[in-house]
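Accompanying notes for the structure given below.
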Amino acid sequence: MTNALRTRAVHAGRDDLTDLGLHAVPLDFSTTYPSRDSAAEARRIDEFSAGGEVSGIYGRVSNPTVERFERALAELEGFDHAVAFASGMAAVSACLLSAASQGKRHVVGVRPLYGSTDHLLTSGLLGTEVTWAAPGEVPAALRPDTGLVFVETPANPTLTELDVKALVDACGDVPVLVDNTFATPVLQRPGRHGARLVLHSATKFLGGHGDVMGGIVACDAEEAARLRGIRFATGAVLHPLAGYLLLRGLSTLPLRVTAASATAAVLAERLTQHEAVTAVHYPKLGGPLVAFEVAGDPHALIAAVRLITPAVSLGSVDTLIQHPASLTHRVVAETDREENGITQGLIRLSAGLEDVEDLWHDLDQALKAC
Ligand SMILES: *Cc1c(COP(=O)(O)O)cnc(C)c1O
């Protein structure tokens, strides 16, 4: 019998602790792993270079605390492997480099995407070339050198949803990457619908307390080997303390996401009734994020909140509010923003764990200010 997600979130990555006589996860800060047997180390390095999963050697090859977080997230997303990085953008970069390393430099992207992801693809900084397409136009945009189809659902910041299964079916052999940062495995497991890579900015809900940065990609063994090789070569490793905190964050992920989603649903409903609000975007899937549009001055709204934290990022215990056109999506050209619903009046809110009435009271008084 496979355990429910809430159970797995608590026990994943920790299955061996009782036999080790431990309760908390061991935190290993080693940067290097001594060995008196260099010949054996040479064989292990060769094995790693050939794509094998190797522990020890050096902190840029592996870390046991980080490996526990990787095993846990892979389990929650329903994959055999996951590879962790220093941030969500380091994870995005590694996925692009992985496609490019196979001679596939072309990426098809569905907008909107997180601002920095959009910027990385648009700028071609890593030698990739992007074609932007609506979900239904993706098959026509595919080329022989397309290495990745890159999507978010619900998308940042408009919370637009797309049908992952239909997209995967339409893409044939071309791998689909779903950035699952917003939904988390609590609400959606894109691997079930055939997504080959599932990416997270672990900085958000996985960590959950706004105090740790990280990124992670769940995938199959072959892709994991490539991503570990890229992480070793480029150095964007996750710090062991971050691995520890992220694993701890996973144990409360289902409770936090469920509670924040219930709050967000109430706020979304009340926002639709509010006279200062012209549109509310709340996903059919549910979830802890709400986007809404105001006719008045969005800057005045942000300046007026007192309980809610006016800040970028999301997925923390406290409720966060931000103006995407000024902040998260500032790096996207204005015309591209406008064409993809990131209007001047759009506000994005990430519900936290506060009492919903306290949040509404704050939001309502701030809306009056705009
Ligand atoms: C924040 C975010 C990222 C980038 O993650 P960092 O940890 O900030 O590097 C990528 N995708 C989405 C959807 C995000 O919200």
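All ligand and atom numbering here is 1-based and tracks the order in the structure.
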Answer yes or no: does an N/O atom from Val92 fall short of 3.5 Å to an N/O atom of ligand 1?
no

Should the pair Arg228-Glu70 be classified as a salt bridge under the 4.0 Å nitrogen-to-oxygen rule?
no

For atom 9 (O) of ligand 1, grab the closest protein heavy atom and report residue, atom and distance to one decimal in Å.
Met89 N, 2.8 Å

Tell me the protein heavy atom at minimum distance from atom 7 (O) of ligand 1, and give that distance in Å.
Thr203 OG1, 2.6 Å

Got a sec, which residues hit side-chain contact (heavy atoms from CB on, under 4.5 Å) with Ala42, two or more places apart in sequence or on another chain?
none

Below 3.5 angstrom, do we get any N/O pair linking Phe182 and ligand 1?
no

Considering only heavy atoms of Thr181, which atoms of ligand 1 have at least one such atom less than 4.0 Å away?
12 (C), 13 (C), 15 (O)

Quick one: do Asp28 and Arg68 make a salt bridge, cutoff under 4.0 Å?
no

With side chains defined as the heavy atoms from C-beta onward, is the minimum distance between Trp360 and His274 less than 4.5 Å?
yes

Any heavy-atom pair between the side chains of Asp220 and Asp80 that's under 4.5 Å?
no

What protein heavy atom sits nearest atom 6 (P) of ligand 1, and how far off is it?
Gly88 N, 3.3 Å

Give the atoms of ligand 1, by number and element, whose distance to some non-hydrogen atom of Asp179 is under 4.0 Å.
10 (C), 11 (N), 12 (C), 13 (C)

Which protein non-hydrogen atom lies closest to atom 5 (O) of ligand 1, naming both residue and atom, and how far is it?
Ser201 OG, 2.9 Å

Please report which non-hydrogen protein atom sits nearest to atom 4 (C) of ligand 1, along with the residue it belongs to and the distance in Å to one decimal place.
Tyr114 CE2, 3.4 Å

Within 4.0 Å of some non-hydrogen atom of Gly214, the atoms of ligand 1 are 7 (O)

Do NZ/NE/NH1/NH2 and the carboxylate oxygens of Arg71 and Glu75 come within less than 4.0 Å?
no

Regarding Ser98 and Glu223, is there a side-chain donor-to-acceptor distance under 3.5 Å anywhere?
yes

What protein heavy atom sits nearest atom 1 (C) of ligand 1, and how far off is it?
Lys204 NZ, 1.4 Å

Indicate yes or no: does Arg44 engage Glu47 in a salt bridge with an N to O separation below 4.0 Å.
no

Out of Glu152, Met213, His200, who is nearest to atom 8 (O) of ligand 1 when you count heavy atoms only?
Met213

